[in-house]
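Being a predicted model, the structure only gives us computed values, none of them experimental. Per chain, numbering begins at 1; letters A, B, ... match sequence-line order.
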Amino acid sequence: MLPRRWRFGWDRYSEDLFTDRYDTNAETLSQAIRAAASEEPDADGSVLFGHLQGTVVGLRYYTGVVNQGEMVGLVRQPQNQYDHNAVMVANIYGNQVGHIKRELAAAMAHVMDNNLAKVEGVVHSGTKNSFTMPLMLSFWGKEENKNAVMESMARHGYKLNTGGGKATGANQKSQGARALSSKKGLTIPLTAAELKNAFDKLFDGLMESEDGEKQAAESVGTPLLPHQKQALSWMCARENKSALPPFWERRGELYYNSLMCFSAKEVPERIRGGILADDMGLGKTLTTIALILTNFHKGKPLPVEKCEEQPSSVKAKTKPEMASKLEGSSKASDGSGSSDAAAGSMRPNLSQVEGICVDSAAVVDKSDKSASRGKKKATKRKPIKEAPKCIEDLDFAAALGGPAAATSSKKKKAATPTPSVESSITESADDLSARTTLIICPLSVISNWLDQFEQHVSANVKLNMYLYYGAERNRSKTFLSSQDVVITTYNVLSADFGNKSPLHGIKWLRVVLDEGHIVRNPNAQMSKAVLDLKAQRRWILSGTPIQNSVKDLWMLLAFLRLKPFDAREWWNRVIQRPVTQGDRAGLQNLQTLVKCITLRRTKGSKVNGRPLVSLPEKRVCVEQVELSQSEREEYELARNEGRNTIARYMTEGTVLRNYADVLAILMRLRQHCCHPDLLAKTSSDLSAAATPSEMRERLIEKLRFVLASGSDEECSVCLDSVNLPVITHCAHVYCRPCIAQVISTEQETARCPLCRSEIKASELVEFPQEAMDEEKSTNSDTWRTSSKVQALMGNLLRLRCEDGSIKCLVVSQFTRFLILLETPLREHGFSFVRFDGTLSQKKRTQVIQEFQSPAADGPAIMLLSLKAGGVGLNLTAASHVFFMDPAWNPATEEQCIDRCHRLGQTRNVFVTKFIVKNSVEEKMVKIQREKQDLVEKAFGSKNTNRKTSRMDDIKALMEL
DNA sequence: ACCGCCGGGTGCC
DNA sequence: ACCGCCGGGTGCC
């Protein structure tokens, strides 16, 4: 008999699927299925076309087994040398079971290749089939493809069973649900309200108290609060305990997954890691640092070098200019100074950031001579060269040396029979040479991490950290894997990905995704880069693990390699679709899954009857603003004009075609409410564009409207905020990668997802950089005020009288408004800083530091752009927040408030939202409120629903 | 017999 | 596969 790989001579595709590079094929095959399903169209909005009994043949040639009731995957094999229509059948682990019988495969191939339907298989009878096996197929797809599918199958002599009656609408839904929940006999779908409620509660009550508390390693300089010790204990347990993953149980010799009806001979790989979903401000960063230091191999602390010499001497020598800044920090003082970091305080001291940057090639400012000097001495801090003074254990001595020292240690050799790090993906054997924790975070929180490490690691401990960032980052794998901690950003990670990425060539001890919810679009490059990392242990830190829908969870589970859900097909079939269709069992299963891997406490949670943290009070009030007579007149003029335009689109049914225009109208109204000078010159009618350059000019103008509004515009492809925005000739805005993918898949027939106009890659228009710059430099020679400005100034002046030490955040979505506000602030002698998305990392750090500093002459006000920096900023110096204009998404406002209403805040927090009376703003607030009750928000991820709900919004806003 | 019938070899796509 | 199919052996009863 030929070796298996010769028998599958078909193609690279299959070769990838079933290559026997790895003995335990679970990993690769699962990945293969995931890869095969990565083009998986979103199952949302699919309806069941019908069922069909089919046959799997060739069982005896393959090793994959299936149990009764188990789902199987169907994968097309267009390159199969015997039959280009071949459809392979694989079990949940991706092991091939057989093929679909030839004739049926011929019928299915057409349907599958043209994406007319997704075909799913379930085995209902018997494992004792030795040659062939019956299989129940179900066909799912978009309603509009149903006929094509039925006809296509009929042409080949197959008639789909539509379940007796003329199944339509709700009928089909319950069928789908029944197919999965029949075992448990639950067929009554959840009501929308129940669903929403259950979903919101998904992360509630995930506080696991039975783990008790764990003391952090000595090297953690900051005493942990009780709930942090609890989290540490839980995290250590998740990394060290070998409990079976959720739904797995032992059955005799086999391991059985009760949810999937799947059994396996090998122990299912345990999930070493999970989701730490504590509310922001509870100390996820500190807990993670504690984890890194406390739980190295075999539950022992990370071996660290303890130095009795002046730890700061190195820094002081190389960076004398920094010495003054470092004074007073725990590292600059002697070894006993660790306690000066206030116990339990999360408040970072940003003056220390540069201290750690010393070890980094991340030349935040390339011209800064201190940074380039720091680079030169980077190797000096490698511990390998200096004899460590205190090593706890021989094992660790080997580990301490990192991979470079690996061969010299006999003991280590025995522990890791396969020294090749790259080739081994299986995580079964603990690779004791893995030393490094990789932390990936958004750019905006890097400084926070560096700072927290500096603050919480004992002063006499040397931790090898490397900030993998900047053009001159050290890409040596040996170097990186000899560090204790490597920090990088999502952007650097995805930029490196596929480009000989050293980060992907190292097998990490631990990978930590900070603000993990930001990777949630599975098609994004960033997601792929994250999923491809090799690590023994994986963690996701996120204060808001779910932002919109169940869908968001997939990425998290896939990252954690929670089998089999890391393959989207199983996730869709077993969790996402049942849950969105209101299946109770599905929701229950989801709850169980999440519960097993997540720890979440909120600010309101209690430990032993006591609140985790006691935050000062927060008061939110709305301050109504009356427009002056002339402002009102201008506003009404604009409103009537806009209303007429939109009403015309409505009657013509061309709202979507003119979506950008509609948004522009709304935005102009919102701008009217803030300040007349925010209004850009009105653009002329798009359809009247004569020349291509004129067209381009106008598209850019439209794009400017959409972007400058900061109105949370989302890309209709990824349903996320637009990233790298481009505008189509039909004036719809998408992320460039998203729309590029649409175009490349559909080729010549590509159409705009919103209005179905033809689109071409060459016609996508970007916002030109010059325009961006020009945007910023809006000059305001002739300054005038506005009612809203007056309202703000009134408040600020009053506060200054009451207490000169009060600091305020002034928040707007319009960065141009923030710039406008500078004038009156200056006029009244306020000292302020501005923080928006355009700031460089270095500048950000500076600005925050300046603002947070308690110095009496420091800035009293921060002009903050609503979306700048995302979450994670620490602005506890402020106790008053002024929202100049309402956001579409109230959660964005909440996050913003949380930047100052968090641990470390000592004053009561007052939030004022300015709303112009009798205006579009009032209606936005009303819609905000209604939205919170809408199930759509959590579950209605259907594109169409979103669009229609947007339409309703527009109608309501314009009183149409 | 350019058939039928028998029984062994054989078996996914 | 306790099948179907193929192709060689065989050929009144």
Side-chain angles (χ1 to χ4, degrees), chain A residues 1-21 25-26 28-40 51-139 149 152-160 262-264 567 569:
Chain A
M1 204 212 235
L2 286 164
R4 189 192 276 187
R5 72 169 157 269
W6 297 119
R7 286 196 285 109
F8 303 130
W10 337 297
D11 61 349
R12 273 222 336 254
Y13 184 48
S14 313
E15 195 65 29
D16 283 349
L17 281 176
F18 298 107
T19 174
D20 46 14
R21 257 181 300 169
N25 37 20
T28 25
L29 293 171
S30 177
Q31 276 174 345
I33 294 276
R34 186 204 300 154
S38 75
E39 309 307 320
E40 187 111 353
H51 299 286
L52 184 64
Q53 178 85 29
T55 313
V56 188
V57 295
L59 299 186
R60 67 161 156 152
Y61 299 96
Y62 308 100
T63 52
V65 286
V66 277
N67 295 310
Q68 206 162 92
E70 195 176 317
M71 297 180 181
V72 291
L74 303 170
V75 182
R76 277 281 289 119
Q77 287 178 335
Q79 303 299 319
N80 186 308
Q81 62 169 312
Y82 303 99
D83 181 2
H84 63 273
N85 288 324
V87 176
M88 182 201 82
V89 180
N91 71 13
I92 283 144
Y93 264 21
N95 298 319
Q96 182 163 12
V97 173
H99 279 103
I100 293 290
K101 196 158 74 94
R102 201 177 195 115
E103 298 76 20
L104 179 53
M108 284 164 60
H110 178 253
V111 169
M112 291 172 84
D113 294 347
N114 293 294
N115 263 325
L116 296 174
K118 168 101 189 84
V119 190
E120 300 180 351
V122 179
V123 173
H124 285 299
S125 50
T127 46
K128 278 162 283 173
N129 313 286
S130 38
F131 302 99
T132 67
M133 172 168 75
L135 177 69
M136 186 51 83
L137 299 170
S138 23
F139 290 66
V149 170
S152 169
M153 292 306 289
R155 258 201 307 281
H156 288 85
Y158 294 97
K159 190 175 182 303
L160 295 199
F262 181 74
S263 57
E569 164 148 22

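A:K101 has its NZ atom 15 Å from the C1' atom of C:dA1, to the nearest Å. Rounded to whole Å, the distance from OH on A:Y62 to C1' on B:dG11 is 13 Å. Taking atom CG of residue A:N80 and atom C1' of nucleotide B:dC13, one finds them 5 Å apart after rounding to whole Å. In this entry the distance linking CE of A:M133 with P of B:dG11 reads 21 Å, nearest Å. The distance from atom CZ of A:R76 to atom C1' of B:dC12 is 15 Å, rounded to the nearest whole Å. Put simply, CD on A:Q81 is 13 Å from P on B:dC12, counting in whole angstrom units. Distance, A:R60 CZ to B:dC12 P: 6 Å, rounded to whole Å. Taking atom CZ of A:R102 as the reference point, atom P of C:dC5 lies 15 Å away to the nearest angstrom.
Residue side chain A:F131 fails the stacking definition with respect to B:dG11, as its ring centre and the base's six-membered ring centre are not both under 5.5 angstrom apart and under 30 degrees in plane angle.
Taking atom C1' on both C:dC5 and C:dA1, the two are 12 Å apart, rounded to the nearest angstrom. Rounded to whole Å, the C1' atom of C:dG11 lies 9 Å from the corresponding atom of B:dG4. Using atom C1' as the reference point in both C:dC12 and B:dC3, the two lie 15 Å apart (nearest Å).
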For A:Y158 and A:E103: C-alpha separation, side-chain torsions, deciding distance, then whether side chain to side chain contact (heavy atoms under 4.5 Å, CB included) applies.
CA-CA 10 Å; A:Y158 294 97; A:E103 298 76 20; 3.5 Å; yes
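Closest to the side chain of A:D83, out of B:dC13, C:dA1, B:dC12, is B:dC13.
A donor-acceptor contact under 3.5 Å is not formed by the side chain of A:Y82 with the base of B:dC12.
Residues passing the salt bridge (charged side-chain N to carboxylate O under 4.0 Å, His left out) test with A:R102, sequence neighbours excluded: A:D83. Here A:F262 pairs with A:Y93 under the ring pair (Phe, Tyr, Trp, His ring centres under 6.0 Å) rule; sequence neighbours left out.
Using a 4.5 Å heavy-atom threshold, the side chains of A:M112 and A:L74 count as touching.
In this structure, A:I100 reaches the sugar-phosphate backbone alone: every heavy-atom distance under 4.0 Å involves primed, P, OP1 or OP2 atoms, never a base.
Summarising the base pairing, B:dC3 is matched to C:dG11 through a Watson-Crick or G-U wobble pair whose two defining distances lie under 3.5 Å.
A:R76 places no side-chain N or O within donor-acceptor distance of the main-chain N or O of A:H110, the cut-off being under 3.5 Å.
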